[in-house]
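Labels below follow one simple rule: chain letters A, B, ... track the order of the sequence lines, proteins then strands, and each chain is numbered from 1. Quick caveat, the model's predicted, so the values are computed rather than measured.
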Amino acid sequence: MRINCPICGERDSREFHYRGSAKLLDRPAPDAGAEAFYDYVYIRENPTGLNRELWFHDSGCRSWIVAERNVTTHEFFKTELAVDAKRGAK
Amino acid sequence: MRYSALQVFLNGLTGNKNWKPVWRNPEPKSHYDVIIIGGGGHGLSTAYYLAAKYGITNVAVLERGYLGGGNVGRNTTIVRANYFLEGNSQFYSHSLKMWESLEQELNYNVMLSQRGQVILGHSDGQVDSLARRGNMMRMQGDDAELWSREETKRQLPYLNHDDPRFPVYGALMHWRGGTARHDAVAWGFARGADMRGVDLIQNCEVKGFRIENGKVLGVETSRGYIGAGKVGMTVAGRTSQVGEMAGLRLPIESHVLQAFVTEGLKPIMPHVVSFGMGHFYLSQSDKGGLVFGGDLDMYNSYAQRGNLPMVEHVAEAGMALMPMIGKAKMLRSWGGIMDMSMDGTPIIDKTHIDGFFLNCGWCYGGFKAVPASGDCFAHLISTGNHHKAADKFLLSRFETGHVIDETGNGATPNLH
Amino acid sequence: MVDLIAKTPLADLLPAAAGGLTLTEAAPAAITSIMPFRGKDAACSTALKKAHNVELPAAGHVAGTDSARVVWTGRGQFFLIGDKPASTAVGKIAALTDQTHSWAVMRLEGDDAAAVLERLTPVDLRAGSFFQGQTARTELAHMMSVISKTAKGFEIMVMRSFARTAAHHVLEAMHSVTAQRQIN
Amino acid sequence: MSRLAKGGQLDRSQQIPFTFDGQTYLGFKGDTLASALLANDVRLVGRSFKYHRPRGILTSGSEEPNALMQIGVGPQTTPNVRATTQEIYRGLAASSQNRFPSLSFDLMEVNDLLSPFLSAGFYYKTFMWPKAFWEKLYEPVIRRAAGLGALSGAADAAHYDKAFAHCDLLVIGSGPAGLMAALTAAKGGLDVILADEDFTLGGRLNSETYEIDGAGCSDWAAGIVSELAAMKNVRLMPRTTITGAYDGGTYGALERVSHHLATAPDHAPLETFWRIAARRAILAGGAIERPIAFPNNDRPGVMMAGAVRSYVNRFAAAPGQAVSIFTNNDDGHRTAADLVAAGVTIAAVIDTRAGAVAVADYPLITGAQVVGTSGRLGLSEISVRTSAGIRKIKTDCLGVSGGWNPSVHLTCHMNGRPVWREDIAAFIPADGAIPGLISAGSALGEMSTHAALKTGADAAAEVLKDLGKKAPRVTLPKAEDAPVTIQPFWHVNGAKGRSWLDMQNDVTSKDVKLAHQENFRPVEHMKRYTTLGMATDQGKTSNMNGLAIMAELTGRSIPETGTTTFRPPYTPVAIGALGAHGAGKSFAPERFIPSDALAREKNARFAEVGLWYRPSWFTQAGETNWRQSCDREVVMVRASVGLCDVTTLGKIDIQGPDAPEFLDRVYSNMFSTLPIGKVRYGLMLREDGMVMDDGTSARFGENHYVMTTTTAAAGQVMMHLDFAAQVLWPELDVQFISVTEQWAQFAVAGPKSRQLLDGLLSEDITDETFPYMACGDVTIGKVKARLFRISFSGEHAYELAVPAHYGDAIARELDKRAAEMGGGWYGMEALNVMRIEKGFITHAEIHGRVTADDIGAGRMVSAKKDCVGKVSSQRPGLSGPEREQLVGLKPVGTVKQFLGGAHLFNVDDDAVRMNDQGYITSHCFSPTLGHTIALGFVKNGRARMGEVIKMVDLLRNVETKCEICNPVFWDEKGGALRG
């Protein structure tokens with residue numbers, strides 16, 4: 001599998017560590033309460049189509065990357081740096 | 001029609017003409033007391049025990065593909081009861097006891113082969129945690145032996161004991177662990193359920209549910225609407241997808257686990273062996289193929305296939321542990337969709353929808369759980385109360401903090 | 001007065017050779033990591049130009065000469081490699097750390113150098129794809145590494161404690177490539 | 001002798017002796033083991049898996065189900081090698097498999113007599129009584145009979161290699177389509193890899209006799225190959241099977257580097273497993289001929305018609321003296337014509353089609369079927385049924401052609417299902433089944449040579465356009481363009497005897513009928529119930545006939561019945577190759593500490609700690625047991641001074657205006673308030689509230705900290721910081737980098753530790769200048785170093801960090817000074833004793849399931865600020881009497897033995913799960929206190945101080961009464977640390 005690192009370009013997926021849903025970008029405010037943190041830490045959409053997810057280029061440039069990938073065909077549609085996705089989300 | 005050596009002999013004399021179909025292909029009725037979604041190991045065993053043990057026979061199992069086509073047909077067939085946390089310990093112990101009488105119960109040879117399942121420890125710390133696990137197994141009434149380095153070398157001469165990268169410090173042997181023929185388990189339960197009046201309905205995909213004021217009334221399927229008093233979900237891998245149709249939001253991620261088999265070889269490996277310093281476990285099937293697997297590919301997937309990095313890691317771990325298998329050739333690789341829960345432990349529970357029951361989160365340990373999962377889920381569906389062997393597998397445990405986390409890796413599903 | 005003697009990580013292992021390929025240690029006098037603080041990239045480049053006559057390169061690139069070379073080594077991270085550590089002036093606008101002793105540095109040279117690395121790293125380092133002045137953070141046989149193109153081959157950096165394993169794997173690949181040239 | 005006097009791609013000057021089952025034969029360079037055996041009239045080569053029926057060579061390619069052999073003897077013997085792809089070399093020793101006592105007389109053939117009772121799936125219906133017999137009797141017998149070849153049991157000593165390759169275009173298969181595709185693409189400027197499993201490129205062109213551009217097709221192929229070989233942007237990879245298609249244009253490939261050599265050059269690998277990253281790929285892997293099922297069609301001598309002409313044309317080896325052909329398409333006639341041209345007698349051509357016409361001088365029987373064969377260990381005669389009745393024909397070789405199946409396998413590796421093409425009665429690849437891959441030639445169902453050449457060139461043109469290049473003008477060479485004329489004929493009906501579908505797994509058409517009868521009708525059920533297509537050839541020559549028969553039985557069409565799924569690898573791949581470098585030490589990188597050399601001189605006994613090697617203890621003269629060394633080391637440290645290399649602990653340099661805030665958010669306790677020049681112990685939680693790691697952080701400046709982590713969690717914490725800085729709080733201006741390997745760090749612990757440092761450091765170290773938990777820069781001669789006054793041993797202690805190149809030198813300097821004071825090195829065992837005496841925790845305690853409160857550090861979760869995991873740590877289930885809390889345990893009864901992993905119970909309770917009160921995490925004999933001590937977790941432990949409970953270890957049969965106590969066993973007030 002190949003992942004297009006926004007900085008290093010296309011690389012073999014063995015250089016990356018998969019973390020999971022990109023919902024981890026949106027950590028609740030400290031005072032958001034137990035329910036919000038339960039949802040953030042434990043609940044997952046787990047779609048069968050497009051999944052927005054977090055990868056870490058750990059034996060490359062050590063960037064955290066937000067990818068959009070179809071989890072049935074494994075096709076990647078878009079990758080961007082997590083710091084940019086976060087800024088975009090603001 | 002009862003199976004036995006005599007039947008095989010008599011039928012052999014008459015050209016095997018009068019073996020009967022193992023199950024019918026019924027058209028779905030308009031209403032059932034219970035509908036089980038998912039014709040895999042857990043769905044078929046649930047239907048079987050509903051009919052055989054809990055007296056409910058007006059049951060249908062809806063399978064979108066062919067019976068036994070999901071994970072039950074894709075796993076590495078390992079059966080064991082070697083868990084160390086309260087909740088898991090009693091459940092898998094109950095399941096292993098049920099395995100030991102399953103052939104007689106189903107009158108179907110599932111080929112349960114209790115040849116011993118051993119986990120290796122490669123540091124004093126790992127041996128201590130194996131001891132904690134082994135003691136819990138004994139406290140639960142199951143068998144466990146802790147082997148020293150020398151004992152492990154004597155018992156498992158086929159491992160690499162010649163200055164390996166990660167020497168063996170000790171091992172935990174569970175003699176009643178072993179393997180079973182996965183297809184036979186699915187077909188045995190299916191035949192048993194069908195004989196007792198359960199309708200097994202293949203090529204029937206669930207499209208939605210009819211739920212009115214908090215009560216489930218029936219299931220929309222590719223073969224029309226079917227009414228139901230109660231609905232049980234056992235669709236491991238597709239739990240979130242089917243759950244979403246009922247408005248459930250779950251602590252589940254679906255991941256691909258690859259498995260591999262080599263060409264058939266003369267017997268060389270009697271036990272089931274798990275390596276402690278890399279993801280690798282292996283056993284030899286009755287047909288002579290080395291069946292082995294390792295870890296998830298680590299990314300969400302419904303593709304039932306994986307990629308090369310994990311194939312290579314598993315093979316490298318195999319060569320590190322057992323260099324004698326180098327000349328065995330991998331014949332085939334495939335993948336299943338693992339229902340990874342947030343603490344690595346399953347969920348058998350009611351839901352906020354009256355009459356709608358949830359059985360999921362089996363990660364990659366579902367095969368050995370088939371008998372007890374069916375028994376406990378049938379118990380919950382029929383009586384409304386949790387079976388005592390599964391009363392810790394609650395959906396609410398994540399909210400309350402009573403998580404059951406055997407690997408200790410927390411809320412990262414692909415690390416369980 | 002105690003006079004400690006330094007010993008570089010590959011001193012006992014290299015140089016080594018196989019066929020037309022050579023592997024030698026290339027321990028630099030100084031390596032300083034430079035990680036500019038928020039918004040300080042341009043200022044940092046200017047400070048470096050003033051102090052060391054070299055500017056920050058783009059991602060995946062190397063700037064400067066052997067006496068003062070800046071290698072990109074990751075997101076917002078550079079190594080100044082050469083005769084002197086980075087001047088304190090740069091320290092005001094970037095996080096500096098001495099990395100001189102963190103890394104084992106070796107040079108693989110010879111016509112088949114790219115074929116050797118084909119056995120160790122998933123990145124395409126062939127002549128048509130990886131040019132002098134380019135560098136890659138990638139995997140070298142399960143280890144983190146920095147691989148830069150040089151005139152006659154490659155400079156390979158791995159963390160110090162991995163020196164022995166890295167040298168062993170590169171040398172084995174050198175022998176393997178050389179031996180296969182004799183098979184038709 | 002069946003070797004033809006002339007012809008074949010052989011080097012007749014190089015005669016090669018080899019042995020089969022001990023008998024010596026002669027072949028030529030260019031022969032495969034199969035062709036050489038046929039040239040020596042050897043037809044019986046193996047035994048089938050279940051009924052042990054005699055088996056002969058069926059094909060001339062890697063799809064061979066029968067001629068599987070054991071190559072080589074002794075520890076390095078290799079099972080299940082296909083004779084059809086193994087090139088012979090001087091001294092090659094092959095032996096048949098799965099037969100006792102010999103190949104021609106195999107006792108296990110008795111199974112064939114019992115076959116009525118051994119039909120498909122019989123084992124599901126029996127072996128259930130008596131229960132114990134399954135493991136004691138039935139299974140052992142079945143297992144011994146199972147499997148074809150055997151492993152020696154010795155470690156595989158072969159050298160395997162792995163490699164990565166990259167290209168614009170990967171061309172799979174070097175037949176007419178592959179050659180044209182590679183040539184066109186390469187001329188268009190693409191970077192091309194052309195791979196083929198055969199040792200000679202050219203594919204089927206090496207087995208045909210027709211002409212291309214007026215030249216013999218194999219000569220034409222050789223010309224193109226040499227043209228390609230001269231092009232810089234082309235890499236030719238013979239003997240290389242593309243084994244699998246994976247995501248993103250990644251392909252697995254297995255190169256057989258030296259299987260064809262008696263002895264390979266030193267260091268050369270036996271095989272190399274390639275990972276090829278290709279922007280585009282063209283599948284030109286050809287097609288595989290399929291048989292027709294008829295009674296007793298499995299005798300040695302019955303072969304595929306295409307294979308017969310391959311052995312004659314390419315290897316000048318006639319598989320029989322009087323060859324007959326049974327075909328339902330014109331291609332069978334091409335074999336007959338080639339044989340006539342080569343002077344081989346044709347006994348008869350039997351064509352199922354009434355209108356068939358002979359294309360050369362041979363006897364032809366049309367509208368006929370072969371309905372039986374005879375000859376126990378080799379074909380001698382066939383029975384042919386026509387409308388006029390049955391006639392016998394003497395023949396020792398029958399070439400069968402049921403048509404050709406395009407090799408669609410790779411295109412099914414991503415669950416794509418092939419598409420049915422009625423005109424060629426075969427499945428072809430579905431469009432786009434593998435992103436970036438298109439098919440050409442007979443793999444696409446384009447069966448003629450012209451069609452193959454054209455679709456190969458067209459495919460390359462499409463790829464060139466797709467990659468933004470101009471397709472070069474390529475003139476197609478002239479070649480035959482015969483249409484496919486097939487009338488599907490899958491199996492003979494209404495004739496006595498079993499018709500074989502899967503020759504290796506012994507699956508007959510009767511078994512398929514039984515599967516239908518028992519309602520195992522979906523093809524996946526049929527396959528698993530009958531094991532059709534589950535042998536080493538994965539159904540390459542049997543799947544089609546099986547599903548055609550099931551289609552007939554269910555009254556559905558073949559496309560409606562559908563196919564099972566081909567999966568990687570295309571042909572089996574040695575685990576040694578897939579796991580290259582896994583064996584021995586190179587399974588994982590090795591990390592050595594700076595004082596490794598000195599430690600070995602001091603007889604250190606090392607243990608693996610993650611990837612590191614760390615000394616466990618240092619054996620001195622007279623010490624025979626590790627406890628002697630460990631106790632000595634503890635007493636030494638407590639009495640004078642001890643040294644320990646702690647370089648392996650993670651060290652992370654953190655700088656930036658928001659460094660203080662950043663640490664406050666990742667640590668549970670406050671670090672923004674830490675004074676400069678001081679160190680503080682901190683806890684790091686996971687977001688689910690559990691403790692992830694602990695360690696100290698030192699502040700060297702307003703915005704400059706150095707964090708330490710445990711050895712085990714160094715990588716995890718580093719990634720966690722990257723996660724926090726990029727995913728959670730990118731607004732914070734903070735930078736960090738590992739400095740673990742920059743500093744060689746040594747613990748100097750014990751009452752005389754300061755005395756040892758005096759004179760070594762330029763600075764004056766006193767309680768005032770360097771109080772407990774202080775840190776600062778120091779110098780040793782001209783070397784700048786760092787000093788931390790922190791202690792894991794509980795002693796008055798320091799950690800001295802010098803730049804790592806000086807590690808060896810400082811270790812020897814410290815060693816010299818410590819020795820003068822009666823001190824020396826201590827290993828992890830002694831460190832473990834001392835930290836348990838102090839109640840300090842390691843990952844034995846923080847094993848991922850414990851909260852800060854569980855280990856008595858609840859107050860370290862600061863109330864004044866948020867941190868990762870804080871909210872989740874407040875969940876109701878994570879506090880209260882049910883939680884197991886960290887406690888100390890000391891023995892009170894006569895038995896004084898504690899064991900790691902033992903469980904704890906109330907004194908009067910039975911040692912069963914329901915009564916479980918907790919477990920022991922760490923234990924040791926404390927020479928300081930004179931008895932064993934332990935740390936563990938006990939339900940509501942802190943409220944049960946002084947209570948006596950019992951430790952029970954059922955595994956090792958030990959029971960010890962013990963008292964719950966404060967986990968700090970020694971120097972509770974910390975006098976030593978501060979004094």
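- Formation of a donor-acceptor pair under 3.5 Å by the C:R160 side chain with backbone atoms of D:I593 is not found in this model.
- For D:W274, the part sitting under 4.5 Å from any heavy atom of chain C is the side chain, from C-beta outward, and nothing else.
- Heavy atoms of D:D733 lying under 4.5 Å from chain C belong to its backbone as well as its side chain.
- When each of C:A94, C:P122, C:A6 is scored by its heavy-atom pairs under 4.5 Å with chain D, the top score falls to C:P122.
- At least one side-chain heavy atom of D:H260 sits under 4.5 Å from a side-chain heavy atom of C:I183.
- Under the 4.5 Å side-chain criterion, counting only non-hydrogen atoms from C-beta, C:D3 is not in contact with D:E813.
- C:E172 and D:K585 are not joined by a salt bridge, as no carboxylate oxygen comes within less than 4.0 angstrom of a charged side-chain nitrogen.
- Between the C:T165 side chain and the D:E590 main chain, a donor and an acceptor come within less than 3.5 Å of each other.
- Counting only heavy atoms from C-beta outward, the side chains of D:P269 and C:Q180 approach each other to under 4.5 Å.
- Interface remark: C:V177 contributes no atoms to any contact with chain D (heavy atom separation under 4.5 Å).
- Looking at D:F199, neither its backbone nor its side chain comes within 4.5 Å of chain C, counting heavy atoms on both sides.
- Residues C:Q77 and D:I737 approach most closely at NE2-CD1, 3.6 Å, considering heavy atoms.
- For D:D658 and C:R38, the salt-bridge test fails: no basic side-chain N is under 4.0 Å from an acidic carboxylate O.
- The most heavy-atom pairs under 4.5 Å with chain C, out of D:A804, D:P265, D:A809, come from D:A804.
- Paired with C:E118 under the rule salt bridge (Lys or Arg N to Asp or Glu O under 4.0 Å), one option of D:R235, D:K162, D:R275 passes, and it is D:R235.
- Annotation: side chain of C:T178 is not in contact with side chain of D:H267 (no heavy-atom distance under 4.5 Å).
- The candidate with the highest count of non-hydrogen atom pairs below 4.5 Å against chain D, out of C:I31, C:L120, C:V123, is C:V123.
- Using a 4.5 Å cut-off between heavy atoms, D:V783 touches chain C through its side chain atoms alone.
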side-chain contact (heavy atoms from CB on, under 4.5 Å) between D:S586 and C:H169, intermediate numbers included: CA-CA 8 Å; D:S586 49; C:H169 278 299; 3.6 Å; yes
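- The shortest distance between side-chain heavy atoms of D:H805 and C:I5 does not fall below 4.5 Å.
- The closest side-chain heavy-atom distance from D:Q735 to C:F37 is below 4.5 Å.
- Neither side chain, C:T97 nor D:D653, offers a donor N or O lying under 3.5 Å from an acceptor on the other.
- Here the side chains of C:H101 and D:Q742 are in contact, with some heavy-atom distance below 4.5 Å.
- In this structure, C:Q99 contributes its side chain and D:S738 its backbone to a donor-acceptor pair below 3.5 Å.
- Residues C:D124 and D:F164 are not in side-chain contact: their nearest non-hydrogen atoms beyond the backbone lie 4.5 Å or more apart.
- Both cation-pi conditions hold for C:R164 and D:F592: the charged atom is under 6.0 angstrom from the six-membered ring centre and inside a 45 degree cone around its axis.
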Chi angles and distances behind the salt bridge (charged side-chain N to carboxylate O under 4.0 Å, His left out) call for C:D98, D:K784: CA-CA 11 Å; C:D98 181 358; D:K784 288 216 293 299; over 6 Å; no
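- For the residue pair D:P589 and C:A141, the shortest heavy atom distance occurs at CG-O, 4.3 Å.
- Residue contact with chain D, scored on non-hydrogen atoms closer than 4.5 Å, is absent for C:L117.
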